[in-house]
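Owing to the predicted nature of the structure, the values given are computational and were not obtained by experimental measurement. Counting convention: from 1, in listed order, for ligands and their atoms alike.
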Amino acid sequence: MAALQDKFGRAITDLRISITDRCNYKCVYCRTGNEGALYGDLPFAVYLRMARVLVGMGITKVRLTGGEPLLRKGVVAFVRELAQLQRRSYGAPAAPFRGRADEDVRRSMNSDLLDIALTTNGHLLADLAKPLKDAGLTRVTVSMDAVDPDRFARITRVPGGYDHVLAGIRAARRVGLWPLKVNCVLMRGFNEDQVIPFGMFAREEGVTVRFIEFMPLEEDRVWSPSTVVPLEEILARMAEYRPLVEIPHARSETARRYRFEDGIGEIGIIAPVSHPFCGHCSRIRITSDGKIRTCLFSVWDHDLHAQMERGASDAELEEFIRGVVAKKEERHHIGEPDFVPASRTMVHIGG
Ligand code: SAM
């Protein structure tokens, strides 16, 4: 059987599963200030079956996200179950693996082990880092949008989180959840002046800081082109601190990578707005309520859970998934006159 591919020849190797759309933070670029989930979540056994079927179809990396995934009780046990899934080997893929860093591709091709990653706001990570690592988590990405406690609270709209997140990052590092990436969404008027402080942070903490351009996926509908801090501006700001050298990267990489000239510290820039990379997208997502989304900006989703509820066999689920993946969108249309907002916002998709 062929590995999972869309009609543009992109190999689909990365799966993101949102295990809840609840979140304990209310970040200005993501959520409104309200509480609670819109769509709810499903028992872990449901996500596990979905993951098992998809891994059997060529998925090599599963990233848990949300909402805030660490709010879900039982997440450690779920990671342990995921780690039991054996990757299916397809040999050389029909099209080159795309949408990944070279090192990631090498790692995933050299092992039958599933690559299991987590994106978290880090608030609850300090106590969970070791159990997660022991359960089989491979790596973690922590979202952090300021390196100043007051500014951090203004963005997350929750007091007192900064110290928890810092402790979470340090615990992850200590237990060897590596590579450890810190994601910072830049939003004009909130944190564009944090570029240099994050450069210092990357060097001091030994983490890769990745700046992400703000996308129109927020609940508050405040996005406009002028709220985006584009790649060139990030580079110009950082150059005032220290010279950067671009690290040669595969066309497939979502982040452009740079190291400081003295070799200490690395940063990345993910620029989906100013430099889209849809042509190399290797992802599909499952929402917390069991829908497949083929693009962050999809205007519809596909109810995999409903297929399970009606008693579909694994073979029928595979057929359903192949049909959905075939329809994956070619690209997003951010900033274009025909842009239609996604049918869900980021917190209810799973970033
Ligand atoms: N709660 C977890 C966290 O904070 O990382 C996981 C879910 S969060 C929705 C996943 C990622 O999406 C985070 O790195 C967050 O910064 C990013 N994100 C949320 N809204 C975004 C937006 N409008 N544009 C770009 N990135 C966004």
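- The number of heavy atoms from other shown groups lying within 6.0 Å of NZ (Lys73) does not exceed 12.
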In a simple table, one pair per line, please give the protein and ligand 1 atom names for every N or O pair closer than 3.5 Å, along with the distance.
residue, atom, partner, partner atom, Å
ligand 1, 1 (N), Gly67, O, 2.8
ligand 1, 1 (N), Glu68, OE1, 3.0
ligand 1, 4 (O), Ser143, OG, 3.4
ligand 1, 5 (O), Thr120, O, 3.4
ligand 1, 5 (O), Ser143, OG, 2.5
ligand 1, 14 (O), Ser143, OG, 2.8
ligand 1, 16 (O), Tyr29, OH, 3.1
ligand 1, 23 (N), Tyr29, O, 2.9
ligand 1, 23 (N), Met215, O, 2.9
ligand 1, 24 (N), Met215, N, 3.0

Candidate pair Arg16 and Thr119, rule side chain to side chain donor-acceptor pair (under 3.5 Å), full reasoning
CA-CA 10 Å; Arg16 298 195 172 197; Thr119 302; 5.1 Å; no
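- The aromatic rings of Tyr47 and Phe78 are tilted relative to each other, their planes meeting at an angle between 30° and 60°.
- Other residues, nucleotides and ligands contribute more than 12 heavy atoms inside 6.0 Å of the CG atom of Asp314.
- Classified by interplanar angle (parallel below 30°, tilted 30° to 60°, perpendicular above 60°), the ring pair His332/Phe297 is tilted.
- Each of Arg285, Arg344, Lys291 was evaluated against Asp301; a single residue qualifies, Arg344, per the side chain to side chain donor-acceptor pair (under 3.5 Å) test.
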